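See structure below.
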Amino acid sequence: MALSENNPIPQHIAIIMDGNGRWAKKRGLPRTAGHAAGAEAFRKIANYCRTLGVKYLTVYAFSTENWKRSEEEVGGIMRLLGKYLQEALRDMEKNRVCFRFFGDLSRLSPQLQKLCSEAVDQSADYDVQVNFCLNYGGRDEIVRAARAFAQDVAEGKYSSSDLTEELLSTYLYSKDVPDPELIIRPSGELRTSNFLLWQSAYSEFVFMNVLWPDFGPKDLDEAIAEYQRRNRRFGGT
Ligand code: FPP
């Protein structure tokens with residue numbers, strides 16, 4: 001499906017990287033091998049987003065619910081993230097990607113937390129931005145925002161009636177990031193799984209049957225082409 005010249009490319013695309021486990025199972029491989037293939041798919045798609053001129057890419061790498069998985073699988077995902085961040089830090093000047101993390105990083109290992117903060121600090125001035133959702137849940141994000149606002153009210157900075165949608169947005173991990181115009185979920189599942197609950201209010205969702213490790217530039221073109229065919233009305237006519 002060719003991309004339309006007339007409609008804009010979304011400036012912010014978000015992806016639920018789903019289907020790694022099924023991809024591995026189909027091949028008789030351990031689930032961790034599926035996540036490793038998923039990390040490679042992410043690399044390719046992040047590069048392709050840059051080529052297309054997408055400014056923000058947000059990916060769901062680990063949810064607040066993913067801790068329920070086996071220790072071996074959680075450890076495997078964390079190792080992959082660590083390896084990826086080490087390589088990203090090494091290639092920082094060449095790739096010029098700005099890193100942000102959405103989620104409560106305090107539950108990650110001290111080494112991984114250090115890699116995350118180094119990646120954020122060293123990439124602050126770069127323009128294409130990747131937001132990794134790590135130990136992230138949309139409900140958790142909103143609860144934390146509500147708590148932080150309540151604290152500011154208790155300290156006299158605001159009164160409760162000052163709260164607006166704009167003000168609440170500034171308490172979210174995504175403050176300063178425009179809402180995603182397009183959210184893609186591969187792997188055939190038709191749900192949002194606690195991803196960007198606040199930010200997705202007017203996003204276009206595209207669900208696809210391909211498993212994430214098989215997802216490539218052609219699939220992203222197809223999702224963008226589908227987005228470009230939609231008629232976004234934001235509640236108007
Ligand atoms: C969902 O597939 C995927 C995850 C919970 C983990 C995603 C992590 C990665 C792609 C690796 C992260 C690393 C980098 C560098 C981005 P699933 O396991 O739920 O698949 P299934 O539904 O087929 O079981």
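For clarity, every value in this text was computed on a predicted model and none was experimentally measured. Values reported hereafter were calculated over all heavy atoms of this structure, with side chains retained and with hydrogens, waters and symmetry mates removed. For ligands, and for the atoms within them, numbers begin at 1 and follow the listed sequence.
Scanning the protein heavy atoms around atom 20 (O) of ligand 1, the nearest turns out to be Gly21 N, 3.0 Å. Protein heavy atom nearest atom 3 (C) of ligand 1, with residue, atom name and distance: Met17 O, 3.1 Å. Nearest protein heavy-atom contact of atom 8 (C) of ligand 1 is Ala61 O, 3.6 Å. Scanning all protein heavy atoms for the shortest distance to atom 4 (C) of ligand 1 gives His35 CE1, 3.9 Å. The nearest protein atom to atom 10 (C) of ligand 1, hydrogens excluded, is given as Asn20 ND2, 3.4 Å; this is a heavy-atom distance. In terms of protein heavy-atom proximity, atom 22 (O) of ligand 1 is closest to Arg22 NH2, 2.9 Å.
In Asn66, the part holding a heavy atom less than 4.0 Å from any atom of ligand 1 is the side chain. Contacts with ligand 1 closer than 4.0 Å are made by side-chain heavy atoms of Leu81 only, the backbone lying farther away.
Checked against a 3.5 angstrom limit, the closest N/O atoms of Tyr60 and ligand 1 fall outside it. Polar contact with ligand 1: absent for Phe42 (N/O pair, distance under 3.5 Å). Inclusion of Tyr84 in the set of residues having an N or O under 3.5 Å from an N or O of ligand 1 is not warranted. Considering backbone and side-chain atoms together, Arg69 places an N or O closer than 3.5 Å to an N or O of ligand 1.
For Glu155, the CD atom counts as densely surrounded, since its 6.0 Å shell holds more than 12 non-hydrogen atoms of other residues, nucleotides or ligands. For Arg139, the CZ atom is loosely surrounded, since the number of other residues' heavy atoms within 6.0 Å does not exceed 12.
By the 4.5 Å side-chain criterion applied to Ile, Leu, Val, Met, Phe, Trp and Tyr, Leu211 is assigned to a cluster that also includes Trp23, Leu29. Listed by chain and number, the hydrophobic cluster partners of Tyr56 are Ile16, Tyr60, Phe102, Tyr136, Tyr173, Val177, Ile183, Leu190, Phe195, Leu196, Phe205, Phe207, where partners are ILVMFWY side chains within reach of under 4.5 Å, directly or through others.
Comment: Glu87 does not engage Arg90 in a salt bridge, judged by the lack of any side-chain N to carboxylate O separation of less than 4.0 angstrom. Under a 4.0 Å N-O distance rule, the pair Lys44/Glu40 does not qualify as a salt bridge. Ion pair Lys218/Glu222 not flagged as a salt bridge, since none of the NZ, NE, NH1 or NH2 atoms sits closer than 4.0 Å to an Asp/Glu carboxylate oxygen.
Counting heavy atoms from C-beta outward, Ile77 and Asn66 have side chains that stay 4.5 Å or more apart.
Within the 4.0 Å heavy-atom cutoff, Arg31 counts among the residues contacting ligand 1. Residue contacts with ligand 1: Arg43 is excluded, as none of its non-hydrogen atoms falls under 4.0 Å.
Taking each heavy atom of Leu168 and Ala145 in turn, the nearest pair found is CD1-CB, 4.2 Å.
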